Amino acid sequence: MTSPALSARAAGIHGALLNALLLALALTCATQRPAVAEEAPSRPAARPAGVAPLPKVTAPRLYVIDCGTLVYNRPEDYSLTREEVADTNMSVPCFLVLHPKGVLLFDTGLSDRLVGRPLWENVDGGYGQIKFTTLSGQLADIGVTAADITYLAISHSHFDHVGNANDYAGSTWLAQKAELDVMFGAKADPAYLPLYSALAHARKQVFEGDHDVFGDGTVVLKFTPGHTPGHQALYVKLARTGGVVLAGDLYHYAEERTLHRMPKEEQAAGTPASRELIDRFLTQKHAQLWIGHSTAFFKNAIKAPGWYD
Ligand SMILES: [Zn+2]
């Protein structure tokens with residue numbers, strides 16, 4: 001049996017608890033409601049002041065963007081001697097494709113945060129990193145903001161290709177499944193994960209093999225595993241320039257191609273088959289191969305805000 005006094009006290013405690021719970025619930029609802037509204041894909045963000053309008057195109061247009069330089073002096077890692085290589089340093093380009101149906105950013109280069117920092121401060125695995133200009137600034141010079149970029153794709157997830165990936169996590173990430181698994185799997189390298197961690201929450205199209213980006217065959221991601229499990233090159237069919245394959249890291253030095261060399265660890269990792277596949281593809285499409293890390297390629301390329309069409 002319960003005494004009335006005890007019951008009244010218990011009811012009082014229950015009442016207080018209930019009030020506290022209701023208050024907590026009200027506060028939770030009050031704080032959550034605006035956050036949900038912010039996440040809704042309603043209005044596009046206002047265009048930053050001073051950025052030119054996005055160029056309108058009727059056919060694909062390709063931009064080569066300066067995303068830094070790697071100062072390096074160990075071509076032996078690519079089975080080449082210093083005497084065999086004209087320049088042991090590597091350019092680091094990013095590429096932008098404007099297509100009538102949208103915009104694709106292919107690779108994001110070295111981090112924009114390195115601009116102005118001394119070479120010796122950012123040496124990674126023997127690669128000194130130099131940046132003179134930001135990716136975001138060069139995109140703005142073209143008339144492109146991060147919000148304009150429909151799709152982000154990376155050739156692979158090494159640091160010199162994902163340095164600014166987080167800045168473009170608002171785009172739809174075109175992810176090769178094998179690379180996604182490496183990037184966010186149990187063996188993901190905690191040293192590099194912060195460079196692209198925001199992609200975990202990006203909208204994604206995940207696929208295995210080649211991927212036709214705009215559905216008309218003019219911009220196609222080519223699955224070329226070997227350098228990494230989900231490495232991909234990019235084919236762009238241009239009206240005046242013709243077909244171009246952006247090699248990613250299928251090759252680093254142009255001499256790897258002419259002298260048939262590759263890093264030892266890639267010989268049994270898929271690179272020979274991927275190189276053969278791309279060679280056949282180049283012949284079939286009468287396309288040229290652009291090796292982004294080759295300083296000879298980069299020196300001679302038309303750089304953004306100029307373009308290829
Ligand atoms: Zn690379």
Side-chain angles (χ1 to χ4, degrees), residues 64-80 85-96 105-114 119 122-133 135 152-166 168 174-176 178-180 182-183 188-189 191-196 199 221-234 244-257 261-267 269-271 274-275 278 289-299 301 303:
V64 180
I65 300 172
D66 179 1
C67 278
T69 302
L70 292 171
V71 175
Y72 195 61
N73 59 12
R74 291 203 313 248
E76 296 84 1
D77 292 350
Y78 298 85
S79 306
L80 289 158
V85 176
D87 182 1
T88 59
N89 302 313
M90 298 180 186
S91 43
V92 183
C94 299
F95 298 95
L96 184 82
L105 177 64
F106 182 64
D107 280 341
T108 68
L110 302 181
S111 171
D112 283 354
R113 279 170 294 180
L114 301 176
L119 167 67
N122 295 290
V123 180
D124 192 321
Y127 296 87
Q129 305 175 64
I130 300 182
K131 282 273 284 194
F132 290 110
T133 51
L135 169 57
L152 166 70
I154 52 169
S155 60
H156 64 297
S157 56
H158 287 165
F159 72 91
D160 51 321
H161 300 261
V162 297
N164 299 295
N166 287 339
Y168 305 95
L174 304 180
Q176 196 66 244
E179 200 69 10
L180 178 111
V182 168
M183 293 166 74
D189 191 331
Y192 299 119
L193 191 58
L195 290 175
Y196 58 76
L199 294 184
L221 290 161
K222 300 290 294 176
F223 184 46
T224 42
H227 183 65
T228 62
H231 183 278
Q232 52 189 356
L234 181 70
V244 172
V245 172
L246 311 175
D249 284 15
L250 188 61
Y251 299 91
H252 297 75
Y253 297 115
E255 291 86 351
E256 285 173 63
R257 189 149 192 246
R261 309 283 175 81
M262 68 183 66
K264 266 194 209 75
E265 65 275 14
E266 289 187 35
Q267 283 166 3
T271 295
S274 289
R275 286 184 176 183
I278 288 300
L289 185 72
W290 288 0
I291 300 171
H293 280 318
S294 159
T295 54
F297 155 73
F298 191 75
K299 187 172 71 182
K303 263 82 74 180

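Keep in mind it's a predicted model, so treat the numbers as computed, not measured. The basis for the numbers below is simple: all heavy atoms, side chains too, and nothing from hydrogens, waters or symmetry mates. All ligand and atom numbering here is 1-based and tracks the order in the structure.
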Inset, instruction - Take the angle between the ring planes of Tyr78 and Tyr253 and call it parallel below 30°, perpendicular above 60°, tilted in between. - result: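 Tyr78 vs Tyr253 ring planes: perpendicular.
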Inset, instruction - Anything under 30° is parallel, anything over 60° is perpendicular, the rest tilted; go ahead and classify His156 against His231. - result: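 His156 vs His231 ring planes: tilted.
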Legend entry - Nearest to the Zn ion (ligand 1) - the N/O/S atom of Asp249, by atom name: OD2
Inset, instruction - Give a yes or no on whether His156 keeps an N, O or S atom under 2.8 Å from the Zn ion (ligand 1). - result: no
Legend entry - Check against side chain to side chain contact (heavy atoms under 4.5 Å, CB included), Ser91 and Thr69: CA-CA 5 Å; Ser91 43; Thr69 302; 5.6 Å; no
Legend entry - Near-ring test His227/His161, centroid separation under 6.0 angstrom: no
Inset, instruction - For the atoms OD2 of Asp160 and NE2 of His161, give the angle they form at the Zn ion (ligand 1), rounded to 10 degrees. - result: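 Value, to the nearest 10 degrees: 90°.
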